[in-house]
Each structure stands twice: as C-alpha cells, then as structure tokens.
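The chain is numbered in sequence order, starting from 1. Counting convention: from 1, in listed order, for ligands and their atoms alike.
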Amino acid sequence: MRIVDWADESDGGPAVVLIDQRALPHRTVHLHLRTVDDLIDAVRSLAVRGAPSLGITGAYGVALAAHRHGTTSPDAVDAVRADAERIATARPTAVPLSLGVRRALTALDGGPAAVLAEARAVAAEAAAVHAAATDRAADEILRLCPGRPLRALTVCNTGPLATGAVGTALGAIVGLHERGALAEVLACETRPLLQGARLTVWELARAGVPHRLCVDSAGPAAIANGLVDVVLAGADRIAANGDVANKIGTYMLACAAARSGIPFVIVAPEETIDPRTPTGADIVVEERGADEVREHAGTLMTVPGTPVYNPAFDVTPADLVTAIVTESRAWAPSPAPSASVPRTAPAPR
Ligand code: MRU
C-alpha cells in the first residue's frame, strides 16, 4: 500500500494518487489528483499529512505541474515555478514540504520525466532514511530504559501514513515491539482532528502492537502516575538549537516527562532540523480553522460563533528534549534536559 504515488492513467492522464487520510479508519479511499489546485486542497484539508508524506507529495506536485505545463518555454517554466511556490507554502510549519518541492525543481531543466524521477527519488530515499532513524531510535530507547518491557506514550500519527514509509516515532515503537521490548503503547487521541485515534490506532492494530487510546489530557496524568517509561514523538520542524515543533499537545507531554524524569525522545529525519530557523521562536506555527474545534464530525459542540484558538502545532524547548534521533545521530540538544531530571527512566512502580 503506497501512501503517496504517481500514476499515468489511460483515462485521465498523470495523477498523484494518495490515500485520503480523512476517511480512515472507516474507509480506505484513494484520491486521484490531476491538478495542482486539487493537490493543494488535499494538503490543506489533511487528506495527506505528516511532515515526510507532505515532502513526498510536494515533490510529486511539482512533477504534476511540469507534466501539465511542460518545460520547453520560459512561460511554461514560470508556470511550474509559480505552482511549486503555491505547493511549498500550502502549510507553513513542516519543513519537508518545501524541501520536497525544491528538490523536484532541481530537475526542471531535464523536463517532466526528470522531475518525476526526482520525486520518485525523494520517496525512495525517505524510506531508507526513516528505516535508519527508527533502528537508531529503538537502540537509543533501549539504552535509556534498559532491562524491562517498555510502556511508550505517543501523540499524533507518525507511522507509514505520515511518512510514506516505516514511520518515525511510530516506526521506532513498532521496531521495539518486533524486538520483543514493548509492553504497551498509550496513544493520545490528538484533538481536534484525531490523528492519534483514527490513524495511529489503525496502524498499531495492523502491526499487532498492544495499545490503549487516551484523551490528550490523560497523557501527562499517565506519566505522573508511573504508567509510561518513555515518550516518543515526531517533528515537523526542529530549530537549529533543538527546539521542536510538533503536533499541538506535544509540549505538555514533554513538561510531564521532565517532571517525572522519563525520557522524551524525538524521531525525525535529519532534514527536519532547519539551520535557517535559529530557535523555536522563529518557527511559524500554522493556525487552522475554527470549525475544527467547534465541531465534531459535523456536529456543533459549542455555542455557535464561539471564537477559537486552534494552533496545529506547539514548540517544545530543547531543554525538555532528551534526544533527537535521526538517521545519522542521536543528538541531546541541551546538555541537561532539565536541571533536576535524570536522563534515564526510573524503575517501574
Ligand atoms: O497536522 P499534521 O497531522 O500534518 O501533523 C503531523 C504531526 O505533527 C506529526 O507528528 C509530524 O509531522 C511528525 S510525522 C512523522
């Protein structure tokens, strides 16, 4: 099952084909996107989501633009570049989206087929990178929490749907399960769009990983009550100083982990670390529409017209992060994650 792919369809021409993540877990629906406008709609509406999957989608989006406009005249090239810019800025926080777009644009001189080949390379490389990062993360977690079956807590969705491949944080969790080192995963439901409840639980069930679902606000309580050995999350953008933007709700888990002295580990491809973003204060956090919070499954849950604060992400300061694990390193961005906090988990209660 490819999460994002390319198809040359005899009836409708080239298309970016992707699983509509809005329909999961109840239905598996594939979208066949034949225009850049449709692709941008899919990105904005979270039909496709998760930082690495957005990178792959961005690269295929440029291939779609190159096939639509051609690349033989200056006007055509300008049109492809304009579409590429619209794709790259469709969502502001996740760094791989613009990287995938830029990477595909490097092949523009070679024509549409070369752009498509570059997009396919982005997808293939992502798979190898994520596999290396998740292996390293599993090793690192076993080092931090030795000698017992682990109880992990995670937020949002960081598995194949979010990455187009094995996953990041969820890939490491599945890896720990395959090594026989995992007792249970607590998955936070991830309000308001329920990526944890709808997507992570679906992926954990398919992988046969023991899990329970909890409301987001139960995450810190579970940590405080000794039910969690390690918190694992992905990242949408990591500032050069190690501050981490990830799904809203991540920061409270990092605070709780520091308070209880358990490791808080980020798993992400190295490209997520953005040298052009010095600190978390420089990260643009996407604010999403009010109805995502006011409504649930189309039913109004509050007073009509209630003003809403709906940031899609929060920023966890580097000093709360035990380790950022990528395909090439395990980086402790701050020498002391929290002055009084040990780096290894305490013995289970
Ligand atoms: O708004 P989303 O669903 O795109 O947010 C996704 C996340 O926050 C993920 O945790 C992040 O992209 C890491 S994915 C490997």
Just heavy atoms, cut-off under 4.0 Å: does [X] contact ligand 1 by side chain, backbone, both, or neither?
X      : value
Ala235 : backbone
Gln195 : side chain
Cys156 : side chain

Under 4.0 Å, counting heavy atoms only: does Glu286 come that close to any atom of ligand 1? no
Is the closest heavy-atom distance from Pro52 to ligand 1 below 4.0 Å? yes
Students should be able to answer this: which protein heavy-atom is nearest to [atom], and at what distance?
atom                    : value
atom 3 (O) of ligand 1  : Arg49 NE, 2.5 Å
atom 10 (O) of ligand 1 : Asn246 OD1, 2.8 Å
atom 15 (C) of ligand 1 : Thr168 OG1, 3.0 Å

Number the atoms of ligand 1 from 1 as they appear, then name those within less than 4.0 Å of a heavy atom of [X], with their elements.
X      : value
Ala51  : 12 (O), 14 (S)
Thr163 : 15 (C)
Arg91  : 1 (O), 2 (P), 4 (O)
Lys247 : 1 (O), 2 (P), 5 (O), 8 (O)

Using the side-chain contact (heavy atoms from CB on, under 4.5 Å) definition, which of the options Arg294, Arg288, Glu292 pairs with Val308? Arg294
Could you work out, for atom 12 (O) of ligand 1, the closest of Asp236, Val267, Leu97 by heavy-atom distance? Asp236
Is the number of heavy atoms from other residues, nucleotides or ligands within 6.0 Å of CZ (Arg212) greater than 12? no
Around His32, counting heavy atoms of other residues, nucleotides and ligands shown, do more than 12 lie under 6.0 Å from its NE2? yes
Considering all heavy atoms, the nearest Thr134-Ala172 contact: CG2-N, 3.5 Å
Nearest 0.5 angstrom please: Leu46 CG to Ser53 OG, how far? 11.0 Å
Can you tell me how far CD1 of Ile19 sits from CD1 of Ile3, rounded to the nearest 0.5 angstrom? 4.0 Å
With no hydrogens and no angle check, do the side chains of Asp75 and His69 hold a donor and an acceptor under 3.5 Å apart? no
Charged N to carboxylate O under 4.0 angstrom, Arg143 versus Glu140? yes
Would you call Glu270-Arg329 a salt bridge at under 4.0 Å N-O? yes
Do any nitrogen or oxygen atoms of Gly50 come within less than 3.5 Å of a nitrogen or oxygen of ligand 1? yes
